[in-house]
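Structure first, commentary second.
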Amino acid sequence: MGEGKYQKELFEFDNRKRAFPKFDKMIPKGDFAIILNLEKTVFVSIGIIMLLVVIYALGVERGKTVSRKIARPAAAPVRQPIPVKQQAVAAPVITPAPVALVTKPAPAVVAADPSKPYTIVAATFTRKEWADQEAERLKRSGFEAFATPSEPYFIVCIGAFVNKDAAKPVLNKVRRSYKDAYTRLR
């Protein structure tokens, strides 16, 4: 009998060593309904991350639909024409035009010449006034510049050319001030 006890003490089968003894101290054992181990913790954290990704994606989609609703103007109410009573037409009264009015001339737009389909795009602006100012500055510098709308922007173009090779000398001069200038079809 003594032999069996001696052998059992020599090979302790009852006291197995744990792989991660520090985790046992972190998660106290008790009468809990849920017992967490490393595998369950990983699966729960993956599930939480997936849930957060789905919530984020739904928020992005909602933001897109809200921005579309804000961007669309509401339909204008339909106005009914008001009937005009027929009255006798009096002689027109002529008033003199005001003398002190000074108007700024409209910027000249170069008509598209079909034999010269290429132009150089120097700059792009969101406001027409800024594009017109830049075109005027380029005209003072000696370039044949004009501003043209290109929804939703206004582009400042220089000259009209037969092909891209004809535009290269001017493009090289323009790139000194506008490094992103390029040649394009009108």
Side-chain angles (χ1 to χ4, degrees), residues 46 48-186:
I46 289 172
I48 290 172
I49 291 171
M50 289 175 58
L51 180 67
L52 292 174
V53 167
V54 168
I55 290 171
Y56 176 77
L58 291 174
V60 169
E61 288 300 318
R62 174 153 171 76
K64 286 181 183 177
T65 58
V66 168
S67 67
R68 281 190 216 130
K69 287 180 183 177
I70 292 172
R72 287 188 209 151
V78 178
R79 294 184 179 180
Q80 298 295 328
I82 300 172
V84 179
K85 294 180 182 178
Q86 294 292 334
Q87 294 180 352
V89 178
V93 178
I94 300 174
T95 57
V99 178
L101 282 180
V102 177
T103 59
K104 186 176 178 182
V109 176
V110 178
D113 185 6
S115 66
K116 297 180 179 179
Y118 289 93
T119 186
I120 296 172
V121 176
T124 305
F125 296 95
T126 55
R127 292 191 175 177
K128 184 176 185 336
E129 299 86 28
W130 296 345
D132 291 338
Q133 287 174 0
E134 191 63 24
E136 288 300 319
R137 191 183 75 74
L138 284 168
K139 283 180 185 177
R140 286 192 302 268
S141 297
F143 293 106
E144 182 186 329
F146 59 94
T148 182
S150 175
E151 287 297 323
Y153 302 105
F154 297 91
I155 56 175
V156 178
C157 298
I158 297 174
F161 304 96
V162 176
N163 55 27
K164 287 186 177 185
D165 293 333
K168 276 189 182 179
V170 178
L171 181 62
N172 291 335
K173 288 180 186 177
V174 171
R175 282 196 175 154
R176 293 177 192 156
S177 299
Y178 304 96
K179 66 175 184 170
D180 294 331
Y182 62 95
T183 307
R184 76 165 206 166
L185 285 171
R186 289 211 243 186

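Throughout, numbering of the chain's residues begins at 1 and tracks the sequence. Values below: all heavy atoms of this structure, side chains included; hydrogens, waters and symmetry mates excluded.
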Minimum-distance pair of heavy atoms, taken over all atoms of A131 and V156: O-CG2, 3.5 Å
Closest heavy-atom pair and its distance - A166, F161: O-CD2, 3.8 Å
Distance, nearest 0.5 Å, that separates OG of S141 from NZ of K173: 12.0 Å
Verdict with supporting geometry, L58 and R62, side chain to side chain contact (heavy atoms under 4.5 Å, CB included): CA-CA 6 Å; L58 291 174; R62 174 153 171 76; over 6 Å; no
Flag side-chain contact, heavy atom, 4.5 Å: Y118 against V162: no
Sub-4.5 Å side-chain heavy-atom contact between F143 and V170: yes
Rounded distance [0.5 Å steps], CZ in R137 versus OG in S177: 6.0 Å
Separation between CD1 of I158 and CG of L138, rounded to the nearest 0.5 Å: 4.5 Å
Straight-line distance of W130 CH2 to T124 OG1, nearest 0.5 Å: 13.0 Å
Interatomic distance, K116 atom NZ to N163 atom CG [nearest 0.5 angstrom]: 11.5 Å
Smallest separation among heavy atoms of A123 and F125, with atom names: CB-CE1, 3.7 Å
Distance, nearest 0.5 Å, that separates CZ of F146 from NZ of K139: 9.5 Å
Note, M50 side chain near I46 side chain (heavy atom, < 4.5 Å): yes
Minimum heavy-atom distance between I120 and A167, given as atom pair plus value: CD1-O, 3.7 Å
Residue list, side-chain contact (heavy atoms from CB on, under 4.5 Å) with R175, at least two apart or on another chain: L171, A181
R184 and I155, any side-chain heavy atoms less than 4.5 Å apart: yes
